[in-house]
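Here is the structure we will look at, set down as structure tokens.
Indexing begins at 1, ligand by ligand and atom by atom, following the structure's order.
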Amino acid sequence: MGFEQVQEAAAYVRERIGEEPRIGIILGSGLGGIAEVIEDKHVIPYGEIPHFVCSTAPGHKGQFVAGRFGGKPVICMQGRLHFYEGHALSDIIFPVRVMKLLGVRSLIVTNAAGGVNTGFQVGDLMLIEDHINFMGTNPLIGPNAAEFGPRFCDMSYTYTPSLRRAAEAAAEKLGISLRRGVYLGCTGPSYETPAEIRAFRTLGADAVGMSTVPEAIAASHCGLKVLAFSLITNMAAGVLDQPLSEEEVIEIGNRRGAELQRLITQIVMDCEEL
Ligand code: HPA
């Protein structure tokens, strides 16, 4: 989809929200809680927005919620698209570009992920320092959308170092223990095999999931700062001698989502760069 489609979608949303948002927030599986506490709320279902594609993933709603959070104007995606649903990557990153045109400067992303690092535990929060794109494709393939960024986009500082430092400071202030690591993005929808997880560990991955990488690439391309967190909802395949379950992922999300919400609220309140 081209620049005009993004402009049309942004124009539709702009008319239906109050203040210009500065921060975009993308909420992962079972992590929709932040959207509930946004003040002066304006809710826009994706289905209403021109050129938008709707999400079908479990634990996901499909709407933008704009308003104030941590004292700042935000727009939050309650529900995101996943590649495994069969969407084109260009559709998956479309909302990121819409948020860019709405005035967003930083993107905060959360996801549910499997723990690859054997030092991790279920329920841990991980600050994403970097990613490995294991999806076998890239959302920027195709004609370059030069209105947003360059053909060959630098990924050296995708997970903005200064925002990561702000996250660490907020975690310390709140006494929340925060892991750090590399997120490896797969397409899903099958979970990984134990052999794949061993391979990913060798490659330097600490957590594995089925999202975030396309949005982070699109954000980097259009010059958005990114701050991203994984909630370790399960240990990845083969780490523990038990099968993985979708219910566990959602349940841990519900149980530990509040802690992540507390952390993100503090970061938004404290960090002047946001
Ligand atoms: N693998 C991939 N995606 C995930 C996992 C996992 O173990 N847990 C939550 N999302």
Side-chain angles (χ1 to χ4, degrees), residues 25-34 55-62 77-87 89 92 108-137 139 159 178-217 226 228-261 263-264:
I25 306 177
I26 303 180
L27 299 172
S29 305
L31 297 169
I34 285 179
S55 166
T56 62
H60 283 255
K61 288 190 183 170
M77 289 184 70
Q78 198 174 19
R80 59 141 69 90
L81 300 177
H82 297 82
F83 196 43
Y84 63 73
E85 294 172 89
H87 304 298
L89 283 179
I92 293 171
I108 301 177
V109 186
T110 68
N111 61 52
V116 175
N117 184 323
T118 52
F120 287 3
Q121 285 179 345
V122 170
D124 279 351
L125 299 178
M126 186 188 91
L127 175 63
I128 301 182
E129 292 189 307
D130 205 347
H131 78 219
I132 296 173
N133 178 7
F134 214 81
M135 292 187 159
T137 181
Y159 299 89
L178 188 58
R179 308 282 196 172
R180 277 184 257 165
V182 172
Y183 175 90
L184 184 144
C186 289
T187 65
S190 55
Y191 287 120
E192 303 70 33
T193 63
E196 286 165 348
I197 294 302
R198 285 194 299 275
F200 295 165
R201 194 175 297 124
T202 306
L203 290 176
D206 296 291
V208 62
M210 305 175 192
S211 67
T212 302
V213 164
E215 294 102 320
I217 293 173
V226 180
F229 300 93
S230 291
L231 171 60
I232 306 300
T233 52
N234 57 282
M235 292 313 290
V239 176
L240 305 174
D241 189 14
Q242 63 184 48
L244 271 53
S245 89
E246 185 179 313
E247 291 71 34
E248 184 188 22
V249 170
I250 306 253
E251 200 241 298
I252 299 293
N254 291 337
R255 209 137 46 80
R256 293 284 297 156
E259 186 94 324
L260 185 52
Q261 183 174 323
L263 176 61
I264 293 175

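The A112 neighbourhood of ligand 1 comprises atoms 9 (C), 10 (N), with distances under 4.0 Å to a heavy atom of that residue. Which parts of ligand 1 touch T233 is read off a 4.0 Å heavy-atom cut-off, strictly below it: atoms 8 (N), 9 (C). Against a heavy-atom cut-off of under 4.0 Å, N234 is close to the following atoms of ligand 1: 5 (C), 6 (C), 7 (O), 8 (N), 9 (C). Under a 4.0 Å criterion applied to the non-hydrogen atoms of E192, ligand 1 contributes the atoms 1 (N), 2 (C), 6 (C), 7 (O). Taking every non-hydrogen atom of L244 and a distance limit under 4.0 Å, the qualifying atoms of ligand 1 come out as 7 (O).
Screening N111, T212, T110 for a side chain to side chain donor-acceptor pair (under 3.5 Å) with S230, the sole residue that qualifies is N111.
Side-chain contact between Y84 and T187 is absent, with no heavy atoms from C-beta onward closer than 4.5 Å. Side-chain atoms of I232 and R179, non-hydrogen and from C-beta on, never get closer than 4.5 Å to each other. A heavy-atom distance below 4.5 Å is found between the side chains of F229 and L263.
Using a 4.0 Å cut-off between heavy atoms, V208 contacts ligand 1 through both its backbone and its side chain. Contacts between A113 and ligand 1, counted as non-hydrogen atom pairs separated by less than 4.0 Å, involve the backbone only.
Nearest protein heavy-atom contact of atom 5 (C) of ligand 1 is G114 N, 3.4 Å. Considering only non-hydrogen protein atoms, atom 3 (N) of ligand 1 sits nearest to G209 CA, 3.4 Å.
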For this session: Would you sort out whether M135 and I217 count as a side chain to side chain contact (heavy atoms under 4.5 Å, CB included), showing the intermediate values?
Result: CA-CA 12 Å; M135 292 187 159; I217 293 173; over 6 Å; no
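Going from atom CD of E259 over to atom CG of L125 covers 6.0 Å, rounded to the nearest 0.5 Å.
Between R80 and M77, the shortest heavy-atom contact is CA-CE, 4.3 Å.
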